[in-house]
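Heads up: numbering here begins at 1 and tracks the sequence.
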Amino acid sequence: MTPAFKPLDLCQRNIAALRDCLSKVQSPRLADFIRYMLSIHPTNRLPRRQNFDPMEIPSLLSGVVLVTVHREVDRTRFKMKVVGQDVIDASPVTIGHRYLDEIVAELPAASIIIDTRQKVLETGHAYLRQGPPTMPFTFKMTVLEYIHCPLAEDGETIDQIVSFFSYRGHKGAPAG
């Protein structure tokens with residue numbers, strides 16, 4: 001059962017999670033993304049999609065992914081809405097405007113792309129992953145760092161998740 005969060009508690013937990021993530025990241029671009037997310041975060045609610053303005057972070061857009069959360073009777077699904085060029089180039093399958101469970105069906109070991117976003121729904125706050133990749137990509141890298149950040153139109157029910165991906169450690173990978 002998913003715990004019930006009070007909106008203010010949820011908001012403060014997310015801000016604390018973002019600050020903690022910022023202290024851990026290695027990628028300068030990922031750090032810039034987290035600082036941007038902190039700058040748009042209201043003090044009494046989760047940010048809305050309208051708070052997130054891509055025009056304020058044009059140099060980071062190639063690593064941004066936005067998914068919508070679709071709650072169905074028997075499951076939750078995530079649909080790719082916006083996918084940055086670095087993420088498109090890294091994926092060995094077409095990912096734009098698809099449900100993540102459809103993508104997982106085509107990629108071995110790709111369930112992590114759903115599991116990590118599910119953690120955002122379960123905890124109500126940002127989720128950071130750092131380390132070697134666990135699924136196939138079109139180029140090899142030594143470090144994959146990414147963050148998933150909740151967005152909520154009503155301030156508490158997460159309806160979208162915005163992410164930033166940093167691929168590092170190989171000539172073919174974009175700079176961190």
Side-chain angles (χ1 to χ4, degrees), residues 2 14 17-18 20-22 24-34 36-37 46 49 52 54 57-152 157-176:
T2 304
N14 191 51
L18 286 166
D20 183 55
C21 293
L22 183 58
K24 295 176 181 175
V25 297
Q26 297 172 11
S27 163
R29 293 180 73 221
L30 181 54
D32 287 346
F33 181 81
I34 295 170
Y36 173 71
M37 292 305 296
L46 290 175
R49 166 58 187 90
F52 183 82
I57 55 167
S59 65
L60 301 178
L61 292 180
S62 62
V64 171
V65 170
L66 179 68
V67 301
T68 54
V69 178
H70 296 264
R71 289 176 175 82
E72 299 177 0
V73 174
D74 57 342
R75 64 181 173 163
T76 300
R77 297 180 81 192
F78 303 95
K79 187 171 186 178
M80 300 290 249
K81 186 173 180 181
V82 175
V83 184
Q85 193 61 51
D86 289 350
V87 181
I88 291 169
D89 292 346
S91 178
V93 299
T94 302
I95 56 178
H97 302 287
R98 295 181 68 194
Y99 285 99
L100 295 184
D101 54 276
E102 296 169 349
I103 296 167
V104 166
E106 295 179 29
L107 288 174
S111 63
I112 192 168
I113 67 175
I114 294 173
D115 297 344
T116 54
R117 287 173 177 92
Q118 190 64 43
K119 286 183 191 288
V120 174
L121 294 183
E122 291 167 3
T123 64
H125 60 73
Y127 175 86
L128 174 69
R129 183 186 182 285
Q130 301 169 290
T134 59
M135 55 179 273
F137 288 93
T138 58
F139 48 75
K140 301 287 184 218
M141 69 199 86
T142 55
V143 178
L144 171 63
E145 265 188 315
Y146 59 82
I147 191 164
H148 298 313
C149 302
L151 299 174
T157 306
I158 300 166
D159 51 18
Q160 296 185 48
I161 298 173
V162 63
S163 307
F164 185 84
F165 290 82
S166 171
Y167 310 97
R168 296 189 326 276
H170 185 269
K171 259 173 114 169

Note to self: For a 4.5 angstrom cut-off between non-hydrogen side-chain atoms, does Thr68 reach Arg77?
What the structure shows: no
Next item on the list: Please confirm whether the backbone N or O of Gln26 pairs with a side-chain atom of Glu145, one donor and one acceptor, at under 3.5 Å?
Entry: yes
Next item on the list: Mind checking the CZ-CD spacing from Arg117 to Glu122? Nearest 0.5 Å is all I need.
Entry: 14.0 Å
Check: What do you reckon, are the aromatic ring centroids of Tyr127 and His125 less than 6.0 Å apart?
Finding: no
Note to self: Run the side chain to side chain contact (heavy atoms under 4.5 Å, CB included) test on Val162 and Val65 for me, step by step, so that the C-alpha distance in whole Å, both residues' side-chain angles and the decisive distance to 0.1 Å come before the verdict.
What the structure shows: CA-CA 6 Å; Val162 63; Val65 170; over 6 Å; no
Next item on the list: Check whether any side-chain heavy atom of Asn14 sits under 4.5 Å from a side-chain heavy atom of Leu46, and report yes or no.
Entry: yes
Item checked: Side-chain heavy-atom pair Asp101, Phe78 within 4.5 angstrom cut-off -> no
Note to self: Would you say that Pro150 contacts Gln160 through its side chain, given a criterion of any heavy-atom pair below 4.5 Å between the two side chains?
What the structure shows: no
Note to self: Let's go through Leu66 and Leu151 carefully: what are the C-alpha distance in whole Å and the side-chain angles of both, what is the deciding distance for side chain to side chain contact (heavy atoms under 4.5 Å, CB included) to 0.1 Å, and is it a yes or a no?
What the structure shows: CA-CA 10 Å; Leu66 179 68; Leu151 299 174; 3.9 Å; yes
Checklist line | Electrostatic pair Lys24:Asp20 at N-O distance under 4.0 angstrom | finding: yes
Next item on the list: Run the salt-bridge test on Glu106 and Arg98 with the 4.0 Å N-O cut-off and return the result as yes or no.
Entry: yes
Next item on the list: Mark yes or no for whether Ser91, through its side chain, and Val87, through its backbone, hold a donor-acceptor pair below 3.5 Å.
Entry: no
Item checked: Heavy-atom pair with the smallest gap, counting every atom of Ala126 and Leu18 -> CB-CD2, 3.7 Å
Item checked: Residue pair Ser163 / Ile161, side-chain heavy-atom distance below 4.5 Å -> yes
Next item on the list: Establish, yes or no, whether a centroid distance under 6.0 Å links the rings of His70 and Tyr99.
Entry: yes
Next item on the list: Taking the side chain as every heavy atom from C-beta outward, state whether Ser27 and Phe33 have any pair of such atoms under 4.5 Å apart.
Entry: no
Item checked: Straight-line distance of Ile113 CD1 to His148 NE2, nearest 0.5 Å -> 9.0 Å
Margin query: A side-chain contact here means heavy atoms from C-beta on lying under 4.5 Å apart; do Leu30 and Ile147 qualify?
Written below: yes
Item checked: CG-CD1 distance between Leu107 and Ile103, expressed to the nearest 0.5 angstrom -> 7.5 Å
Next item on the list: Would you mind telling me which of Phe165, Tyr167, Phe164 makes a ring-ring contact (aromatic ring centres under 6.0 Å, His included) with Tyr146?
Entry: Phe165
Item checked: Arg75/Glu72 ion pair, N-O < 4.0 Å -> yes
Check: Is a side-chain donor-acceptor pair under 3.5 Å present for Arg29 with Ser62?
Finding: yes
Item checked: Ala110 versus Val104, closest heavy-atom pair with distance -> O-CG2, 3.4 Å
Note to self: Using 0.5 Å steps for rounding, measure from the SG atom of Cys149 to the CD1 atom of Ile34.
What the structure shows: 7.0 Å
Checklist line | Nearest-0.5 Å distance that lies between atom CG in Leu100 and atom CD1 in Ile112 | finding: 12.5 Å
Notebook entry, point to check: Out of curiosity, Thr76 OG1 to Arg71 CZ, how far, rounded to the nearest 0.5 Å?
Noted result: 6.0 Å
Notebook entry, point to check: Where is the tightest heavy-atom contact between Thr157 and Ala152, given as atom of each residue plus distance?
Noted result: O-CB, 3.2 Å
Notebook entry, point to check: Taking 4.0 angstrom as the limit, do Lys79 and Glu102 come out as a salt bridge?
Noted result: no
Next item on the list: May I ask you to test the Ile158-Val120 pair for a side-chain heavy-atom distance under 4.5 Å?
Entry: yes
